[in-house]
Amino acid sequence: MHNPVSALDNASYDAGIAHISELPPQGMITLRGDLSAKPLVKAVSAAVALGLPDQRECLSQADKAVAWMSPDELLLTCAYEDAGSMLATLTAKLGKVHALAVNVSDARAVFEVRGPNAREVMAKVTPVDLAPSVFTTGMFRRSRIAQVNAAFWMTQEDCFRIICFRSVAQYMFDVLSIAAQPGSEVGVFSD
């Protein structure tokens, strides 16, 4: 097994209104197929010990998660070193079911925006409605952040997790850091 290195060597920014950090490498498996097929549902359950998420939802427990990406695609996450065994479990459980499971861990970067102004920082850079009454913990979106494709969800009320292609990691970090500059509060979600 190789020694995984994050795209930006775990860069972080905490001089602003929210803490921005690149997280260590994360295990990620893209799974495409008929999400209503019983063998696929059983394979996901065996791999992550969670059910299938509803549309635009991410289910998580401990270091594993399963996120709805599209009507025929899920993203399963785990500890980086467990991605190979997760893929093997999926492949074995899927058997002859028409599906595609691929380890995409090394192609992605993961960021976190944390703090009481995390929602405001994210609202500055994505077209998704992040009003507290609309976007809640566990909701998942595949959209864009500034000019790049990304997926994100709230792991808790003041924390967003973001996944993007590794090739745009520096851009993503810069965009999030600029949106979190000191004094940049807009107050749109204030009471």
Quiz item: Less than 4.5 Å apart, any side-chain heavy atom of Leu75 and any of Leu31?
Solution: no

Quiz: residues 140-148 side-chain donor-acceptor pairs under 3.5 angstrom, not counting sequence neighbours:
| from | atom 1 | to | atom 2 | distance (Å) |
| --- | --- | --- | --- | --- |
| Arg142 | NH1 | Met69 | O | 3.4 |
| Arg142 | NH1 | Glu73 | OE1 | 3.0 |
| Arg144 | NE | Ala146 | O | 3.2 |

Donor-acceptor contacts, no H, no angles, side chain residues 16-25, under 3.5 Å, sequence neighbours left out:
| from | atom 1 | to | atom 2 | distance (Å) |
| --- | --- | --- | --- | --- |
| Glu22 | OE1 | Ser6 | OG | 3.0 |
| Glu22 | OE1 | Leu8 | N | 3.0 |
| Glu22 | OE1 | Asp9 | N | 3.4 |
| Glu22 | OE1 | Asn10 | N | 2.9 |
| Glu22 | OE2 | Ala7 | N | 2.9 |
| Glu22 | OE2 | Leu8 | N | 3.1 |

Quiz item: Does anything in residues 113-122 pair up under side chain to side chain donor-acceptor pair (under 3.5 Å), and if so which pairs, sequence neighbours excluded?
Solution: Glu112-Arg114, Arg119-Glu157

Quiz item: Any side chain to side chain donor-acceptor pair (under 3.5 Å) pairs touching residues 121-132, not counting sequence neighbours?
Solution: Lys124-Ser184

Quiz prompt | Gap separating the CD1 atom of Ile163 from the OG1 atom of Thr77, nearest 0.5 angstrom | solution = 6.5 Å

Exercise. Check side chain to side chain donor-acceptor pair (under 3.5 Å) between Gln181 and all other residues, then give those that pass, not counting sequence neighbours.
Key: none

For residues 47-61, please give each side-chain donor-acceptor pair under 3.5 Å, one per line with the distance, not counting sequence neighbours.
| from | atom 1 | to | atom 2 | distance (Å) |
| --- | --- | --- | --- | --- |
| Glu57 | OE1 | Asp54 | N | 2.7 |

Exercise. Apply ring pair (Phe, Tyr, Trp, His ring centres under 6.0 Å) to Phe152 and list each qualifying residue two or more places apart in sequence or on a separate chain.
Key: Phe135

Quiz prompt | Distance-only side-chain donor-acceptor flag, Asp174 / Tyr13, under 3.5 Å | solution = no

Practice problem: Find the distance between CG (Leu74) and CZ (Arg32) and round it off to the nearest 0.5 Å. | Solution: 10.0 Å

Quiz item: What residues form a side-chain contact (heavy atoms from CB on, under 4.5 Å) with Ala79, not counting sequence neighbours?
Solution: Asp63, Glu81, Asp82

Quiz item: Looking at residues at least two apart in the chain, or sitting in another chain, which of them share a side chain to side chain donor-acceptor pair (under 3.5 Å) with Ser105?
Solution: Asn103

Quiz item: With Ser36, which residues qualify under side chain to side chain donor-acceptor pair (under 3.5 Å), at least two apart?
Solution: Asp34

Quiz item: Are Val110 and Met139 grouped together when hydrophobic residues (ILVMFWY) are joined by side-chain heavy atoms under 4.5 angstrom apart?
Solution: no

Self-check item: Spacing of OG1 belonging to Thr30 relative to CG belonging to Leu76, to within rounding of 0.5 Å
Solution: 9.0 Å

Practice problem: State which residues pass side chain to side chain donor-acceptor pair (under 3.5 Å) with Ser70; sequence neighbours excluded, sorted by chain then number. | Solution: Asp72

Exercise. State the CE-CD distance between Met154 and Gln156, to the nearest 0.5 angstrom.
Key: 8.5 Å

Only distances under 3.5 Å count here; give the side-chain donor-acceptor pairs of residues 90-99 to other protein atoms, sequence neighbours excluded, each with its distance to 0.1 Å.
| from | atom 1 | to | atom 2 | distance (Å) |
| --- | --- | --- | --- | --- |
| Thr91 | OG1 | Leu87 | O | 2.9 |

